[in-house]
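Side chains are part of it too, since the values below use all heavy atoms of this structure and drop only hydrogens, waters and symmetry mates. Order of listing sets the numbers, starting from 1, for every ligand and every atom in it.
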Amino acid sequence: MTAPARARNPLAFLEAEIEELKAKGIFRRLRVVQSEQKSRCVIDGKEVITLSSNNYLGLNTHPKLMAAAAEAVRDYGAGSGAVRTIAGTMTLHEQLEARLADFKHVEATLTFQSGFTCNTGVIPILAPEGAVIVSDALNHASIIDGIRLTKAERRIFPHADMDGLRTALREVRDADADRTILVLTDGVFSMDGDIAKLPEIVDAAEEADAIVYVDDAHGSGVLGRNGRGTVDHFGLHGRVQVQVGTLSKAIGVLGGYVAGSRSLRTVLEHKARPFLFSTSAPPAVAAACIAAVDVLETEPELIDRLWDNARFFKDGLARLGFNIGHSETPITPVIAGEGALAMKLSDRLFEEGVFAQGIGFPTVPEHLSRVRTIVTAGHTRDELETCLAAFETVGRELALI
Ligand SMILES: *Cc1c(COP(=O)(O)O)cnc(C)c1O
């Protein structure tokens with residue numbers, strides 16, 4: 001039998017989307033890293049200095065992590081074989097969770113396959129039907145998707161607007177003394193590099209008996225003593241009920257975790273959907289993460305070097321006259337304007353031997369398109385000076401400075 005001729009390709013809208021991306025100048029191909037992820041890598045066949053990884057401390061290629069991963073493969077194999085709630089909880093997962101709880105000074109932690117699945121798994125548990133979520137407008141996409149999975153009411157306050165937050169909390173609490181209120185914020189905002197005003201958020205939440213939930217993906221390993229994160233940075237232990245961290249950025253591997261009370265962990269073990277329905281991390285991942293916690297505890301000089309490099313690079317960009325927003329962390333945006341200009345900046349930097357990914361809508365507003373830079377502990381002064389020279393050349397060419 002021959003298939004009947006189709007009148008129409010049902011996937012034709014995909015072609016239209018691609019045409020639209022091209023028309024807007026924001027179509028891009030994925031760049032391929034062909035070497036280790038270090039400050040200098042081979043990307044698309046060219047050796048470049050990268051300012052685009054989240055490898056803040058260089059742990060991706062730290063010998064202790066690599067050895068721990070290799071040993072775990074030898075002892076336990078390549079995969080975990082099941083979801084955590086059936087047969088996929090291995091000793092290494094439990095060890096990692098105990099280490100993280102100790103490190104974060106909390107009762108318990110629970111790991112997930114990624115920071116993304118952690119948010120989508122935890123938020124629906126903390127905001128059941130009838131609850132109210134109060135969330136910063138610039139929170140990460142995975143928080144937004146976590147919110148979308150709830151039936152809770154949503155109140156979005158303008159980014160970092162503490163009056164907006166307090167007003168929302170007061171209105172909700174005055175109307176109902178018993179409703180569960182969940183306040184959600186990034187610890188470090190991933191596109192701008194500013195730090196949440198956590199002391200004020202915690203004060204406001206305590207007044208309204210609200211839960212505070214901090215997603216510290218970019219704060220983990222970067223802020224606080226030995227990289228314990230934003231809560232430690234502000235000395236707010238015991239006043240933030242839920243901290244989410246990622247193991248995929250400064251920790252150098254893959255995964256996410258939530259840190260909080262023992263009862264939080266117990267309920268999540270029974271109810272968090274990514275935990276119940278998606279296979280656990282391979283043993284090598286858990287082992288490398290344990291080694292990463294060892295490194296955070298024993299080599300704090302990596303964090304010092306990260307911050308030295310961040311200060312040097314930020315000062316350099318500011319001195320050249322770039323618009324670098326109001327970052328307070330090693331994330332430094334270089335704001336170009338419209339999307340096409342940011343992509344041009346990124347492309348020209350690449351030709352000059354520097355990789356800084358262009359980022360536009362929908363990740364940031366169209367008129368604030370940018371390249372986002374992240375320096376790491378692994379960058380040498382020479383490398384950072386080479387980067388600044390490339391920014392100067394291209395910045396002048398594109399009339400950004
Ligand atoms: C990167 C990021 C995540 C996702 O973490 P992964 O481990 O990469 O899935 C979640 N939240 C924030 C704020 C992030 O920046």
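Sorted by first then second residue, the salt bridge (charged side-chain N to carboxylate O under 4.0 Å, His left out) pairs that include residues 310-323, not counting sequence neighbours, are D308-R311.
Contact check on R84 versus E97 returns a salt bridge, with a Lys/Arg side-chain nitrogen under 4.0 Å from an Asp/Glu carboxylate oxygen. Taking 4.0 Å as the cut-off between side-chain N and carboxylate O, E301 and R305 do not count as a salt-bridged pair. The pair R370-D192 counts as a salt bridge, with a side-chain nitrogen and a carboxylate oxygen less than 4.0 angstrom apart.
Sorted by chain then number, the residues whose non-hydrogen atoms approach ligand 1 to under 4.0 Å are S114, G115, F116, N119, H140, S142, D186, S190, D215, A217, H218, T246, S248, K249, G255.
Of all heavy-atom pairs between G121 and L268, the closest is O-CD2, 4.4 Å.
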Evaluation steps, ring-ring contact (aromatic ring centres under 6.0 Å, His included), between F391 and F322: CA-CA 9 Å; F391 266 98; F322 283 100; 5.6 Å; yes
